[in-house]
Structure formats: structure tokens, C-alpha cells
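All figures in this text were calculated on a predicted structure; none of them were measured in a lab. In this chain, numbering begins with 1 at the start of the sequence shown.
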Amino acid sequence: FFQRLRIFKVIIDMPAPILATKLYIPPLQPKAVLRPHLIERLNEGLHRRLTLISAPAGFGKTTLAGEWIASCKRPAAWLSLDEGDNDTTRFLTYLIAALQTTAKNIGEGVLGMLQTPQPPPVESILTVLINEITACQENIVMILDDYHVIDAKPVDTALTFLIENLPPRVHLVIATREDPRLPLPRLRARGQMNELRAADLRFSSSEATDFINQMMGLNL
């Protein structure tokens with residue numbers, strides 16, 4: 001309830017219409033298989049800039065991220081991406097809307113720049129946004145879900161600039177079915193990226209048993 005109230009307060013103040021459900025953190029499934037070893041892996045990566053959760057459909061990426069956020073003590077901003085977010089202005093508008101669910105003042109100076117007929121260069125806009133994030137006192141987790149729908153190079157370029165200049169108090173999580181076109185080798189070499197892949201997300205035999213019996217109710 002309180003999450004949806006925060007989202008409502010954000011969207012009524014936005015200069016452009018915002019689809020509120022894109023900002024909802026998925027609720028926990030009551031019979032979900034708990035995966036504490038993966039939660040621990042995610043917690044261990046908080047000191048890095050980026051966590052990449054990359055695996056095909058059906059591997060539980062969104063479920064895992066939602067479960068982690070429920071146990072994480074940091075404020076969390078969530079954005080479920082769709083094909084329309086390949087527009088850089090829309091992508092940044094929704095990104096700011098998501099961040100404002102954790103800290104109301106983030107992005108206030110940027111939204112006006114995005115709405116002008118001829119917006120400044122993206123790096124200039126992002127510089128203002130990063131400075132506003134830096135001034136925030138909260139340690140924030142920002143989740144971008146379904147990033148595989150993004151195939152626009154300008155959005156990749158904008159996100160690369162954001163990642164490489166994020167202040168330490170912000171941790172970005174990308175959940176995707178395929179690796180994004182970001183400088184992953186450089187981030188990996190610098191120790192700035194935490195990774196969970198299909199091999200990590202596959203159920204063990206005991207987890208598969210729990211899934212079959214608890215969620216499916218088959219009692220095998």
C-alpha cells in the first residue's frame with residue numbers, strides 16, 4: 001500500500017503521463033522457493049556499481065530481484081521496461097520517476113530539460129541528474145527489469161555514462177534475457193560488476209523438489 005501511495009504522489013507531479021504499474025515492485029509469491037544463497041550473492045555485490053542478472057526466460061530473474069528487495073534494507077526504485085523505452089527521453093523520464101519513489105527531489109532539475117523542444121545533450125542532462133543523486137543522503141538500489149527489450153544505442157550510451165559516473169550510494173541492477181550492449185568487460189575487469197547467470201539461477205535438486213511440491217502441489 002505504501003509503495004503504491006509513493007508512486008501515486010510521484011506520477012501526479014510528473015510533467016508527462018506516467019504508467020504507474022511500470023514502477024511497481026513485484027509482490028512476493030507466497031509459495032515461492034526461497035533462495036538464500038542467491039540473496040547473499042546479491043548482498044555481496046552492493047559495494048559494486050552494477051549487478052547483472054542475465055538468463056533466458058523462465059529462470060526467475062524478476063522473482064529473485066523482488067525477493068531480494070523485500071529483504072534488502074535499502075530503499076529500492078523499480079522500472080519494468082518495454083519497447084517504448086527505446087526513446088531516450090521516455091527512458092530517462094521513467095528512470096527519474098522510479099528514483100523519485102525513493103527520494104522525491106531527485107531529477108527535478110532534469111525533467112524540465114527533457115521537456116524542452118530541443119533538449120541539451122544527453123551527457124549534460126545526465127550530469128545534472130548524477131549531481132542530484134550525489135546530493136541525496138539515501139543508499140538506493142535501482143532495478144531495471146527486462147532490459148533485453150532495449151535495442152536503441154542512444155539508450156545504451158546514456159546508461160553507460162550513468163553507470164560509469166554513479167555515486168557509491170547508488171547500486172544499479174539490470175535483469176535481462178541477454179547481455180546488454182554495455183562495457184561489461186571493462187566493468188568486470190575493474191571489479192565493478194556482480195553477475196548472476198543461468199548456471200547460478202538453475203534449481204538444485206532440493207530446490208526443484210520444493211518447487212514441485214510447494215508451488216505445484218504435486219507431492220512427489
Side-chain angles (χ1 to χ4, degrees), residues 21-26 35 38-72 74-88 90-99 101-102 106-107 122 126 129-130 133 139-202:
T21 51
K22 285 169 62 68
L23 310 182
Y24 286 174
I25 299 173
R35 314 194 73 188
L38 295 181
I39 299 299
E40 184 178 354
R41 287 273 304 274
L42 291 169
N43 287 331
E44 290 172 352
L46 279 171
H47 67 283
R48 298 181 172 132
R49 293 181 186 271
L50 171 68
T51 288
L52 177 67
I53 307 175
S54 181
F59 272 74
K61 300 180 293 296
T62 299
T63 300
L64 175 63
E67 178 188 337
W68 176 53
I69 289 306
S71 64
C72 184
R74 293 192 181 192
W78 187 285
L79 175 56
S80 297
L81 297 165
D82 58 45
E83 288 79 0
D85 296 313
N86 280 288
D87 176 78
T88 307
R90 173 177 156 134
F91 174 80
L92 293 177
T93 299
Y94 269 100
L95 179 69
I96 292 167
L99 288 169
T101 64
T102 64
I106 290 180
V122 171
L126 289 174
L129 176 60
I130 291 166
I133 294 174
N139 290 318
I140 298 171
V141 175
M142 175 73 223
I143 300 96
L144 300 179
D145 195 24
D146 290 336
Y147 194 82
H148 55 269
V149 302
I150 301 298
D151 58 11
K153 186 176 180 180
V155 175
D156 291 333
T157 300
L159 187 59
T160 297
F161 183 85
L162 184 64
I163 292 171
E164 293 187 336
N165 294 280
L166 275 178
R169 66 178 66 254
V170 179
H171 182 74
L172 179 67
V173 178
I174 295 176
T176 178
R177 295 180 185 177
E178 57 189 37
D179 282 7
R181 291 168 295 277
L182 303 173
L184 301 183
R186 184 163 71 237
L187 293 168
R188 189 181 295 118
R190 293 175 178 174
Q192 296 174 340
M193 182 171 68
N194 184 30
E195 299 178 71
L196 275 73
R197 298 187 171 275
D200 304 301
L201 297 179
R202 286 192 180 98

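Put simply, the side chain of Y94 reaches to within 4.5 Å of the side chain of L23, judged on heavy atoms. At a threshold of 4.5 Å between non-hydrogen side-chain atoms, the residues L50 and L166 do not count as touching. Annotation: side chain of L182 is in contact with side chain of I174 (closest heavy-atom distance under 4.5 Å). At a threshold of 4.5 Å between non-hydrogen side-chain atoms, the residues L144 and V173 do not count as touching. Looking at heavy atoms from C-beta onward, T62 lies in side-chain contact with W78 at the 4.5 angstrom threshold. Using a 4.5 Å cut-off on side-chain heavy atoms (C-beta onward), R197 and E195 make contact. Counting heavy atoms from C-beta on, the side chains of P56 and R177 never come closer than 4.5 Å. V170 has its side chain out of reach of V141: every pair of non-hydrogen atoms, C-beta onward, lies at least 4.5 Å apart.
Nearest heavy atoms, I133 versus R169: O-CD, 3.9 Å. Taking every heavy atom of both residues into account, N139 and R74 meet most closely at O-CB, 3.4 Å. Summarising the geometry of I143 relative to A76, their closest heavy-atom pair is CD1-CB, 4.2 Å, with the distance given to 0.1 Å. Here the shortest heavy-atom pairing between A152 and R181 reads N-NH2, 4.1 Å.
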List the steps, then state whether side chain to side chain contact (heavy atoms under 4.5 Å, CB included) holds for T157 with V122.
CA-CA 9 Å; T157 300; V122 171; over 6 Å; no

Before giving the answer on side chain to side chain contact (heavy atoms under 4.5 Å, CB included), spell out for H171 and T51 the whole-Å C-alpha distance, their side-chain angles and the decisive distance to 0.1 Å.
CA-CA 8 Å; H171 182 74; T51 288; 2.7 Å; yes

Using the side chain to side chain contact (heavy atoms under 4.5 Å, CB included) rule, take L92 and L126 through it: C-alpha gap first, then chi angles, then the decisive distance, then the call.
CA-CA 9 Å; L92 293 177; L126 289 174; 3.8 Å; yes

Could you go through the side chain to side chain contact (heavy atoms under 4.5 Å, CB included) check for L79 and M142 one step at a time?
CA-CA 8 Å; L79 175 56; M142 175 73 223; 3.8 Å; yes

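Here K153 contributes atom NZ and T160 contributes atom OG1; the two are 10.0 Å apart, rounded to the nearest 0.5 Å. Note that CD of E67 and CD1 of I39 are 4.0 Å apart. Values are rounded to the nearest 0.5 Å. Of the inter-residue distances, the one linking L162 atom CG with L172 atom CG reads 7.0 Å to the nearest 0.5 angstrom. Atom CD1 of I69 is separated from atom CG of L42 by 8.5 Å, given to the nearest 0.5 angstrom. Summarising the geometry, atom CZ belonging to R186 is positioned 10.0 Å from atom CD1 belonging to I163; distances are rounded to the nearest 0.5 Å. The line from OG1 of T63 to CG of L201 is 10.5 Å long, rounded to the nearest 0.5 Å.
A salt bridge does not link R49 to E164: none of the charged nitrogens lies less than 4.0 Å from a carboxylate oxygen. With respect to the salt-bridge test (charged N to carboxylate O, under 4.0 angstrom), the residues K22 and D146 do not qualify.
With hydrogens and angles ignored, the 3.5 Å screen pairs a side-chain donor or acceptor of N86 with a backbone N or O of D151. Side chain of R41 to backbone of N194: no donor-acceptor contact under 3.5 angstrom is found. Not one N or O on the side chain of D200 forms a donor-acceptor pair closer than 3.5 Å with the backbone of L38.
At a cut-off of 3.5 Å, with distance as the only test, no side-chain donor of Y147 or D85 sits close to an acceptor on the other residue.
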